[in-house]
Amino acid sequence: MIFKETKIFKISDSFPTKEDIEKLKEAADIIKAGGTVCFPTETVYGLGANALDAEAVKEIFVAKGRPQDNPLIIHLDEIENAEKYCLYKENPYINKLIKFFPGPLTAILKKRDVVPCIVTANLDSVGVRIPENPIAHEFLRLCGVPVAAPSANISGKPSPTCADHVIEDLFGKVDAIIYAGNCDVGLESTIVSLVKDPPILLRPGGITYEMLCDALCEVAVSDAVLSEMKPDDKASAPGMKYKHYAPKTPVFLVMGNDKKVIDFLKDKQTGESCAILAFTEDLKYLESKNVFDIGSKSNPDENAKRIFAHLRATDSICGLLNVYVHISDDKSGLRLAVFNRLLKASAYHIITLED
């Protein structure tokens, strides 16, 4: 890969200032010229290019090392603009989801021919998202084109929840990075396919399964949410097929009776070089070395915000053999999304401690 001169556009804490808007205009001009720009959203940072420019989109796959059979999502500043790129108004379900736009939701809809096949991995549908992050909204407005964007990280690594993660992975591989604060949700958007009846949850996220069911009455759940896809299966949305979100060290999920889990983790601390992602309630029982607090077991919002950053942090620890993550038996609400990401990060390695 040719090394790019990556520009950094640092956005102030008091956004939007006049200087901030000028920086976003410059970043938008890079998109219009066929370049790549990393930008913040409320979920994770995205790596964007003009979705209508196949050559520009190709640079996303090159920078990330992403397989081209893994489709991308297009990002817009307003849901009303979706009609230009997909069969938005004709869909019988979309009006029931309007209350979630803007927000951490991606809707899969039948695409129009104007969207290049490289964006959709040759599917006849496309994912559409309207971020609520004000920086992302203004950036997309200034771009004036749909922006195709996966997460702004090397393919397979934990997704970036702050700009420093983006710099760590992609500096020199993209044209620009919009440097702003931490992401609020910390997990990629929920993806729901609206091209089937009933709609299908393809990836859980901040808009939970229960919220979708409340809006749509009936929602199916893709097998890929909780189990591994076969190599010849075709992914209909990002994050379904390949190992994702993984640090360098093998990850194992540990679930079961809390006391048994604590005893297991204490034993691993004395017997091997490991890192542990633990609930706040676990910390008083464990040695502090290489232990990361993912928040209270009763607070999945905090768990979601912390897991990617903590998985990334284990990469800086020398000599680790394994990473263990205490997970909840409860899969309701946002916990389903946390569990889904950790399943992918662990390559489906779960240790269940029976009573």
Is it the case that atom CG in D223 sees more than 12 heavy atoms from other parts of the structure closer than 6.0 Å?
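Counting other residues, nucleotides and ligands, CG of D223 stays at 12 neighbours or fewer.
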
Taking CG in D267 as the centre, count heavy atoms belonging to other residues, nucleotides or ligands within less than 6.0 Å. Is the count above 12?
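Enclosed: over 12 neighbouring heavy atoms sit under 6.0 Å from CG of D267.
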
With distance as the sole test, does [X] use its side chain to make a donor-acceptor pair with the main-chain N or O of [Y] at under 3.5 Å?
X    : Y    : answer
D315 : L311 : no
K331 : D329 : yes
K64  : S151 : yes

Within a strict 4.5 Å, meaning less than it, do heavy atoms of the [X] and [Y] side chains meet?
X    : Y    : answer
Y88  : N81  : no
P204 : V225 : yes
N257 : L353 : no
I276 : K268 : no

Lys/Arg-Asp/Glu bridge criterion (N-O < 4.0 Å) met for [X], [Y]:
X    : Y    : value
R112 : E83  : yes
E26  : K7   : yes
K305 : D301 : no
D169 : R312 : yes

Assess whether side-chain hydrogen bond (donor to acceptor under 3.5 Å, both in side chains) is satisfied between S328 and D330, documenting all intermediate values.
CA-CA 5 Å; S328 172; D330 184 355; 5.2 Å; no

Intermediate values then yes/no, side-chain hydrogen bond (donor to acceptor under 3.5 Å, both in side chains), E19 and S12:
CA-CA 9 Å; E19 291 75 17; S12 70; over 6 Å; no

Could you name each residue pair satisfying ring-ring contact (aromatic ring centres under 6.0 Å, His included) that touches residues 164-193, not counting sequence neighbours?
none

Side-chain polar contacts of residues 31-50 - donor-acceptor pairs under 3.5 angstrom, sequence neighbours left out - could you list them?
{"from": "K32", "atom 1": "NZ", "to": "L142", "atom 2": "O", "distance (Å)": "3.2"}
{"from": "T36", "atom 1": "OG1", "to": "D175", "atom 2": "N", "distance (Å)": "3.2"}
{"from": "T36", "atom 1": "OG1", "to": "D175", "atom 2": "OD2", "distance (Å)": "3.3"}
{"from": "T41", "atom 1": "OG1", "to": "T43", "atom 2": "N", "distance (Å)": "3.1"}
{"from": "T41", "atom 1": "OG1", "to": "T43", "atom 2": "OG1", "distance (Å)": "2.8"}
{"from": "T41", "atom 1": "OG1", "to": "V44", "atom 2": "N", "distance (Å)": "3.4"}
{"from": "T41", "atom 1": "OG1", "to": "V44", "atom 2": "O", "distance (Å)": "2.7"}
{"from": "T41", "atom 1": "OG1", "to": "R129", "atom 2": "NH2", "distance (Å)": "3.1"}
{"from": "E42", "atom 1": "OE1", "to": "E132", "atom 2": "N", "distance (Å)": "3.1"}
{"from": "E42", "atom 1": "OE1", "to": "N133", "atom 2": "N", "distance (Å)": "3.2"}
{"from": "E42", "atom 1": "OE2", "to": "R129", "atom 2": "NH1", "distance (Å)": "2.7"}
{"from": "E42", "atom 1": "OE2", "to": "E132", "atom 2": "N", "distance (Å)": "3.3"}
{"from": "T43", "atom 1": "OG1", "to": "R129", "atom 2": "NH2", "distance (Å)": "3.1"}
{"from": "Y45", "atom 1": "OH", "to": "A180", "atom 2": "N", "distance (Å)": "3.1"}
{"from": "Y45", "atom 1": "OH", "to": "A180", "atom 2": "O", "distance (Å)": "2.9"}
{"from": "Y45", "atom 1": "OH", "to": "G181", "atom 2": "O", "distance (Å)": "2.9"}
{"from": "N50", "atom 1": "OD1", "to": "L52", "atom 2": "N", "distance (Å)": "2.9"}

Would R203 and S189 count as having a side-chain donor-acceptor pair, cut-off 3.5 Å?
yes

